[in-house]
Structures are given as C-alpha cells and as structure tokens.
2 protein chains.
Amino acid sequence: MLQFISRTCNVAAVKATPRPYHHGNLREALLHAAEKTLETSGAQSISLRELSRELGVSHTSPRRHFANKQALLDALALRGFERFDLALGRATKDRGHNFQTRLTKLTRAFVSFALKHSALLGLMFEAKHRAGAPRELLEASEKAFGHAAAAFAEGQTTGEVVAGDPWRLSLVVFAAMQGLIALSTDGKFKGIPLDRLVGEIIERLILGLRPRP
Amino acid sequence: MLQFISRTCNVAAVKATPRPYHHGNLREALLHAAEKTLETSGAQSISLRELSRELGVSHTSPRRHFANKQALLDALALRGFERFDLALGRATKDRGHNFQTRLTKLTRAFVSFALKHSALLGLMFEAKHRAGAPRELLEASEKAFGHAAAAFAEGQTTGEVVAGDPWRLSLVVFAAMQGLIALSTDGKFKGIPLDRLVGEIIERLILGLRPRP
DNA sequence: ACCTGAACACCGTTCAAGT
DNA sequence: ACCTGAACACCGTTCAAGT
C-alpha cells in the first residue's frame, strides 16, 4: 500500500518516466505537491509555476483544474477540514467514558492535529475567513466542530454539563484550544508543552476559575 | 492636532508637492501606507513597489529603512502589539471593580481591537509565530498579555480566583478570546455578535461548565 | 477534454552610481 | 546618509493554438 502511494506520487519518478501528453491525474498531483510545499516551506512558498515545474508540466496547465491560485488553496483547505473532521470523529466515537475524559480526548486530537499540520490549519482558517469563501468550506468547518457540540449535548443528558445551547458551550472549549495554539510558539507556552497544558485547561474549564465554595 | 496629522500623512499632498531628493520621513510614510493597504486589501496586497509608487519614491528606496519586505511587516506587527498593549492597559487600569467586571472589560477591549484591526492582529500573530521572529516582537506580545496575568493575580489576593500560576490561568481566557475571533466570521458566531458572547463566555469560564452542586 | 508557448503586467532583491 | 536606475530572476493570468 505504501509502495503504491510512493510509486504514484513520487515526483522524481513521474518526471523521469516519459510522460504522455495528458498527465492523467494532474489535479491530485498538484494538491499533493502543494501540501508538501505548505508543510515544508509555508503557504507563501506555494507557486503554481514551481508546482508545474516539479510535476513536469507547463506552467499554464493548472488552469484546467483550478480557476486560479486561490482555488487551489481553497481545495487544500477543504481537504484539511475533511481530515480534521475524521480526526475529531475518531477521538469522540468511544462513548464509554465520562464527559471530562471525552472532552480531553477531543481536545488532544485537536492539539495533535494542530501540531502535526500547523501550516495547513492556518491555511484552513484563513481560507474560511476570507470574504467570499466557498460555501463548502464553511460547511466542512461546521461539520468538524459538530463533534464537540455532540459531546456537550450528551454531557447534558447525563447531568455532567450545565444547561444551554451545546454549540455555544462547545465554542468555549474550541476557542480555548484554537487560541492556545495561536498564543503558543513551537508547541509550547512559556516552556510547557501544549499537550501537558490540555488536561489542566479542560479541568479548569469544567470547574471554573472561581475557588470552590 | 488632527490637522497636523493629516497634513504630514496625506499621501496625495506629499505626491503633489515638489518633493526634495530626501523624503525626510520615508520609514514612517512606508509604515503608514502599508497599514492602510493592510486594512483595506489584506496583507497579501502589500507590495514594496506599490508603496514606493504611492509615496513617489523609487522602488528601491525602502531598502534603506527595511532590510526586506518581511522586516517591514515585522515593524508593522511590533507597532500593532504596542497599540494592543495600550488598549489592554487602558481597559484594566481602573481597579475599583470586582474580578469579573475587570476581566469582562479586558476581554471586550481584546475583541474590540480584533474587530477594528483584524488584518493587523492576524499579521501580529503570524509574525510572532514565524521561525526566527525578532525578540522584540515576542517581548511586546508578552507585555500586552501581562495585563491579564496581573488582573488574575489581583483576583487571587481578593479571593475571587483559584490558586495557581496567574499566567497559566489567564491563558485560558486569552486563548478563548483569540479562538473566538478565529472561529467567528464577520464578527459573528452562528449569527450572534461577538461582543454579546463575551459576557456569557466570561461567566461560563468563571463558574465552570459543570452544573452548580 | 486537456495541455502548451508566447505575452503581459506584475513582484522582491541586488548593485553600482548619483546627491 | 539617503535615494535612483538598470538588471536579474521570479510571479499569476490570459489567450490563441496544438493533441
């Protein structure tokens, strides 16, 4: 399986082999190459001309698959949200735990995704924020964050969570995680690794900032 | 005073008036023009050549004042953090209130800054996050966020806040705000304006997600 | 349907030269 | 000390033409 992937995706191999006039899978190849560039050199280093060069096609061929550069970035962001959704779904599918445990798993999955794909996550939110962002992108984002709302709703039925709109309650947690990542550098906040902070923050959110009466 | 500013900063006036060989204030003028572009068209639209054109100087003259484009963006981010610091400082200087009120004022100031200068805030965090970001930028960020830590420390002395490192406690609040902004679109989350959500979130953070016993 | 090549209007950065 | 002009090596996008 891994060999299959590396054979179809290996850029050098594609370049060396005499390529037919039609690439056959240019859209996929562009997205794959773009993501590699994103993770290694940042979003600003993504260039349609450079990607074309890597894939051995003319610099105008991306046009057939993406109306412009932004469309390619949006497609990359959409894939990001889809994978993000899967990661969060996996983290919450096990219902045999209490609310705090589920919430901790969910937030750890979030932080883990953020650390592994930090440039992609940045691109995802930037694309979503853009004026005139495609509807699919907003929907994909909504879907991913729905996992938290679902966990909160279930926590309410078991009496572990206060009453209120689950979406607005879950906002607090996601916001805290998203912000934690934004405020941190190198996966650390004031020298403490993020994944060590997660458990602490979740407990603080559940118990509140006020001293116990 | 306002007239003075508009006279010295008005780009059209500078362009129309026969300009001496030395601009005299090119560094300032570049930063001012760059911020205008940032707020109206986004960070990606900032171009050294275009700024030079607007100011009526050659496209190579920015080089004397900024080693490269990134240096100009960093300078812009640094100014952002300084203004951010001032805004948060003003919001917390009045000590005649309880912890919840002070915290709400602080977070409202944060959200207000974020809504007024969203592109700048984005640039600030991106610049801070960059590998090899200048030390000044990290220090300026630290200084601004110190206002929250101070409010938490004081809340502890009056028994309104649980024990613990004030920096780590304040992280929860700032993270929540930062994330709230990131997760929202157009200053709204699911149609509800951010400033309406702030009070609700602060109360939730203070009381906790758990139902009252 | 998919890809190419030439052309256009942009970039940032470097460097020798001017005031 | 500060600014300029020419040059270099890049961009994204358009469009007529090729397979």
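Lettering follows sequence order; numbering is per chain, from 1. All figures in this text were calculated on a predicted structure; none of them were measured in a lab.
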Notebook entry, point to check: Would you write out the dot-bracket form of DNA chain D, 5' to 3', with Watson-Crick and G-U pairs under 3.5 Å, [ ] for crossing pairs, | for pairs to other strands and . for unpaired bases?
Noted result: ||.|||||...|||||.||
Notebook entry, point to check: Taking CZ from B:Arg64 and P from C:dG12, how many angstroms apart are they, rounded to a whole number?
Noted result: 18 Å
Margin query: On DNA chain C, compare the nucleotides closest to A:Gly24 and B:Ile46; which residue's is nearer the 5' end?
Written below: A:Gly24
Checklist line | Side chain to side chain, B:His23 and B:Ser61, heavy atoms closer than 4.5 Å | finding: no
Checklist line | Non-hydrogen side-chain atoms of B:Gln156 and B:Leu169 separated by less than 4.5 Å | finding: yes
Check: Under 4.0 Å: is that the gap between some side-chain N or O of A:Arg63 and OP1 or OP2 of C:dA1?
Finding: no
Notebook entry, point to check: Does a nitrogen or oxygen in the side chain of B:Ser58 sit under 4.0 Å from OP1 or OP2 of D:dT4?
Noted result: yes
Checklist line | Residue A:Lys69, side-chain atoms from C-beta onward, closest of D:dG12, C:dC11, D:dT4 | finding: D:dG12
Check: Taking atom P of C:dC11 as reference, at what distance in whole Å does atom CD of B:Gln44 sit?
Finding: 13 Å
Item checked: Whole-Å gap separating P (D:dT14) and CZ (A:Phe66) -> 16 Å
Margin query: Counting only side-chain nitrogens and oxygens, does A:Ser47 get under 4.0 Å of the OP1 or OP2 atom of D:dG12?
Written below: yes
Check: Considering all heavy atoms of both residues, which atom of A:Trp167 and which atom of A:Glu142 are nearest to each other, and what is their separation?
Finding: CH2-O, 3.4 Å
Note to self: In this structure, how many angstroms lie between the C1' atom of D:dT14 and the CG atom of A:Leu48, rounded?
What the structure shows: 14 Å
Checklist line | For atom CZ of B:Arg27 and atom P of D:dC3, their distance in whole Å | finding: 13 Å
Notebook entry, point to check: With nearest nucleotides of DNA chain D determined for A:Glu50 and A:Ala67 from heavy-atom distances, which residue corresponds to the more 5′ nucleotide?
Noted result: A:Glu50
Checklist line | Between D:dT4 (P) and B:Leu55 (CG): distance, integer Å | finding: 11 Å
Next item on the list: Return the value, rounded to whole Å, for the distance between atom NE2 of A:His59 and atom C1' of C:dG5.
Entry: 8 Å
Notebook entry, point to check: Has B:Arg49 got a side-chain N or O lying under 4.0 Å from the OP1 or OP2 atom of C:dC10?
Noted result: no
Check: Does a nitrogen or oxygen in the side chain of B:His65 sit under 4.0 Å from OP1 or OP2 of D:dA1?
Finding: no
Next item on the list: For the pair B:Asp186 (side chain) and B:Lys188 (backbone), establish whether a donor and an acceptor sit closer than 3.5 Å, ignoring hydrogens and angles.
Entry: no
Next item on the list: Check whether any side-chain heavy atom of B:Val111 lies under 4.5 Å from a side-chain heavy atom of B:Met177, and answer yes or no.
Entry: yes
Next item on the list: Using atom types as modelled and distance alone, determine if a side-chain donor or acceptor of A:His129 lies under 3.5 Å from a backbone N or O of B:Ser184.
Entry: yes
Margin query: If you take the centroid of each ring, where Trp contributes its six-membered ring, are B:Phe145 and B:Phe84 closer together than 6.0 Å?
Written below: yes
Notebook entry, point to check: In whole Å, what is the span from the NE2 atom of A:His23 to the P atom of C:dC2?
Noted result: 13 Å
Notebook entry, point to check: Counting only distance, no hydrogens or angles, is the base of D:dG5 paired donor-acceptor with the side chain of B:Thr60 under 3.5 Å?
Noted result: yes
